[in-house]
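Accompanying notes for the structure given below.
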2 protein chains.
Amino acid sequence: MCTTAEENYLKAIFKLSYEQKNGVTTSSLAEHLATKASSVTDMVQKLADKELVNYIKYQGVTLTPKGEKIAIQLIRKHRLWELFLFQNLGFKWDEIHEIAEELEHIKSDLLVERLDQFLNYPLKDPHGDPIPDQEGNFPKNNSIPLSRLNTGTKGIVVGVNDKSSSFLIYLVKIGIQLGTEIEILEWHEFDHSVDVRINALTLIHLSYQSAQNILMSEKST
Amino acid sequence: MCTTAEENYLKAIFKLSYEQKNGVTTSSLAEHLATKASSVTDMVQKLADKELVNYIKYQGVTLTPKGEKIAIQLIRKHRLWELFLFQNLGFKWDEIHEIAEELEHIKSDLLVERLDQFLNYPLKDPHGDPIPDQEGNFPKNNSIPLSRLNTGTKGIVVGVNDKSSSFLIYLVKIGIQLGTEIEILEWHEFDHSVDVRINALTLIHLSYQSAQNILMSEKST
DNA sequence: TAATATATTTAGACACATCTAAATATATAT
DNA sequence: ATATATATTTAGATGTGTCTAAATATATTA
Ligand SMILES: [Mn+2]
Ligand SMILES: [Mn+2]
Ligand SMILES: [Mn+2]
Ligand SMILES: [Mn+2]
């Protein structure tokens with residue numbers, strides 16, 4: 001069994017290992033978990049003792065299969081709870097992450113399966129992120145950042161990279177949520193910002209950072 | 001804010017203060033929480049520093065209004081979660097307590113209110129226990145232990161005192177759950193056990209301990 | 001390659017929650 | 001009332017998870 005702190009470390013290592021292919025660094029973990037590098041070293045050594053991570057001093061850390069399994073189950077629980085909060089309890093897009101951050105640590109395999117069943121075995125959470133199944137398989141999602149769409153193309157918003165409240169609230173304010181149709185009107189070379197049309201109606205301007213964090217369906221038109 | 005450990009102590013003090021009117025004793029708390037008397041003393045002193053309990057050495061402990069409010073909110077959360085697990089996720093009578101013991105510590109007032117709304121503002125949990133409202137008021141429940149019913153009277157099972165898995169599983173096995181009608185047939189003087197008829201059909205024998213732990217509606221016939 | 005900057009680990013400390021063993025207070029019995 | 005038993009508190013220790021400051025390794029730059 002893992003403590004809540006250990007679980008949060010495993011989840012963080014899993015997330016960061018997509019950006020850092022040869023070992024997650026101590027400092028990036030410290031930043032992600034809002035803690036100190038020395039605390040990370042301590043914990044990572046403990047996780048290595050438990051054979052949940054591979055760790056060589058100064059070389060960063062990767063998950064063992066055992067550690068990865070736990071991380072994926074946590075993501076599964078997190079996203080199922082988020083969907084429950086969103087769909088059944090009427091929480092907003094930007095209110096669910098923090099609560100799910102606590103709920104994901106409730107220890108009961110049966111609870112997760114029943115929740116999955118109650119929600120009708122969903123494939124995506126309210127942010128458009130894929131929900132892994134019992135075995136840890138992620139459903140395919142072939143989305144690309146809005147920043148990679150060409151002028152003139154249209155697409156549907158299917159997710160976001162940045163799940164911070166501030167970004168999500170901003171998106172709602174400018175009229176963007178899951179399912180919104182967006183047409184690329186014009187890219188601006190100098191700052192990579194873009195003018196778009198929302199739902200064939202409203203014209204708005206998106207910064208490059210926003211464009212990178214909005215995920216669109218690949219339209220094979 | 002309280003830690004999970006502090007919250008569990010407050011809840012335990014609240015429960016035990018019905019049996020011990022002038023201060024909950026250190027040893028009874030230790031027993032209830034499956035810990036040592038010395039640990040209880042430590043924690044109780046900390047809770048006194050936080051002004052959540054009144055504590056005088058060797059005199060036992062009582063809740064302050066502030067401490068009582070927290071305890072009642074915990075009971076509210078615990079019972080709402082139990083009902084959710086029972087009604088919506090299909091858990092059995094005896095499976096819900098342990099999971100709710102974890103869920104009750106999730107920190108979000110909005111979550112509790114939304115859950116209450118989702119469950120349609122219920123008055124009782126799956127064990128027949130009253131669910132306090134937002135202000136901490138318990139709905140009246142005028143139940144009496146089966147052990148106090150006279151020969152010939154009938155009643156409906158509306159709750160249980162003992163919520164242990166073993167007792168609940170036993171009740172299900174002998175055909176007793178919430179809503180079951182029980183008729184008192186004959187009391188046995190020597191061991192205070194009783195013969196009863198269940199749902200106007202099955203005859204069974206109950207020990208005095210069982211009779212004390214089954215709560216019946218007061219029938220004003 | 002040597003000097004400097006940055007990243008990481010180690011050492012030592014602290015708060016929390018628990019324990020065992022010893023000291024002390026309260027209750028009970030002679 | 002004194003002795004004995006029981007309940008409670010204190011003292012000292014442990015494990016977890018965190019921190020700051022110091023030591024050491026790796027990366028960068030001259
Ligand atoms: Mn978490
Ligand atoms: Mn999400
Ligand atoms: Mn609890
Ligand atoms: Mn209950």
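Just so we're on the same page: letters track the sequence lines, and every chain starts at 1. The basis for the numbers below is simple: all heavy atoms, side chains too, and nothing from hydrogens, waters or symmetry mates.
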[N] OP1/OP2 closer than 4.0 Å to side-chain N/O of [X]:
X       : N      : answer
B:Thr35 : C:dC19 : yes
B:Gln59 : D:dT8  : no
A:Thr3  : D:dT16 : no
A:Thr26 : C:dT9  : yes

Exercise for the section: Would you jot down, in residue-number order, the residues of residues 50-57 of chain A having a non-hydrogen atom under 4.0 Å from DNA chain D? Expected result: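 Of all residues in residues 50-57 of chain A, none places a heavy atom under 4.0 Å from DNA chain D.
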
Over how many whole Å does the gap from [X] atom [atom1] to [N] atom [atom2] extend?
X       : N      : atom1 : atom2 : result
B:Asp42 : C:dT20 : CG    : P     : 13 Å
A:Leu29 : C:dT9  : CG    : P     : 10 Å
B:Leu47 : C:dC16 : CG    : P     : 12 Å
A:Glu7  : D:dT16 : CD    : C1'   : 15 Å
A:Asp49 : D:dT16 : CG    : P     : 11 Å

Handout entry: Other residues, nucleotides, ligands: >12 heavy atoms within 6.0 Å of A:Gln177 CD
Key =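 12 or below, so no.
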
Problem - Intermediate values then yes/no, salt bridge (charged side-chain N to carboxylate O under 4.0 Å, His left out), A:Asp116 and A:Arg76 - result: CA-CA 9 Å; A:Asp116 195 20; A:Arg76 173 167 158 79; 3.1 Å; yes

Answer with yes or no whether the side chains of [Y] and [X] bring together a donor and an acceptor at under 3.5 Å.
X        : Y        : value
B:His188 : B:His205 : no
A:Ser28  : A:Gln20  : yes
B:Ser207 : B:Ser210 : yes

Practice task
Go through A:Asn8 and A:His105 one step at a time and tell me if the side-chain hydrogen bond (donor to acceptor under 3.5 Å, both in side chains) criterion holds.
Solution key: CA-CA 9 Å; A:Asn8 284 335; A:His105 301 289; 3.0 Å; yes

Practice task
Kindly indicate, with the supporting measurements, whether the criterion side-chain hydrogen bond (donor to acceptor under 3.5 Å, both in side chains) is fulfilled by A:Thr64 and A:Asn54.
Solution key: CA-CA 6 Å; A:Thr64 64; A:Asn54 308 114; 5.7 Å; no

Exercise for the section: Evaluate the ring planes of B:His192 and B:Tyr208, with Trp represented by its six-membered ring, and classify them as parallel (under 30°), tilted (30 to 60°) or perpendicular (over 60°). Expected result: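 Rings of B:His192 and B:Tyr208: tilted, as their planes differ by 30° to 60°.
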
Exercise for the section: Mark yes or no for whether A:Asn161, through its side chain, and A:Ile214, through its backbone, hold a donor-acceptor pair below 3.5 Å. Expected result: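 No, the answer is negative, given that no donor and acceptor are paired below the 3.5 Å cut-off.
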
Problem - A:Ala37 side chain, from C-beta outward: closest of D:dT18, C:dT9, C:dT18 - result: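 Looking only at side-chain atoms, A:Ala37 lies closest to C:dT9.
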
Quick one: which protein N/O atoms are closer than 3.5 Å to N/O atoms of nucleotides 20-23 of chain D? Pair and distance per line, please.
unit_1	atom_1	unit_2	atom_2	d
D:dT20	OP2	A:Lys36	NZ	3.3
D:dT20	O4	A:Ser38	OG	2.9

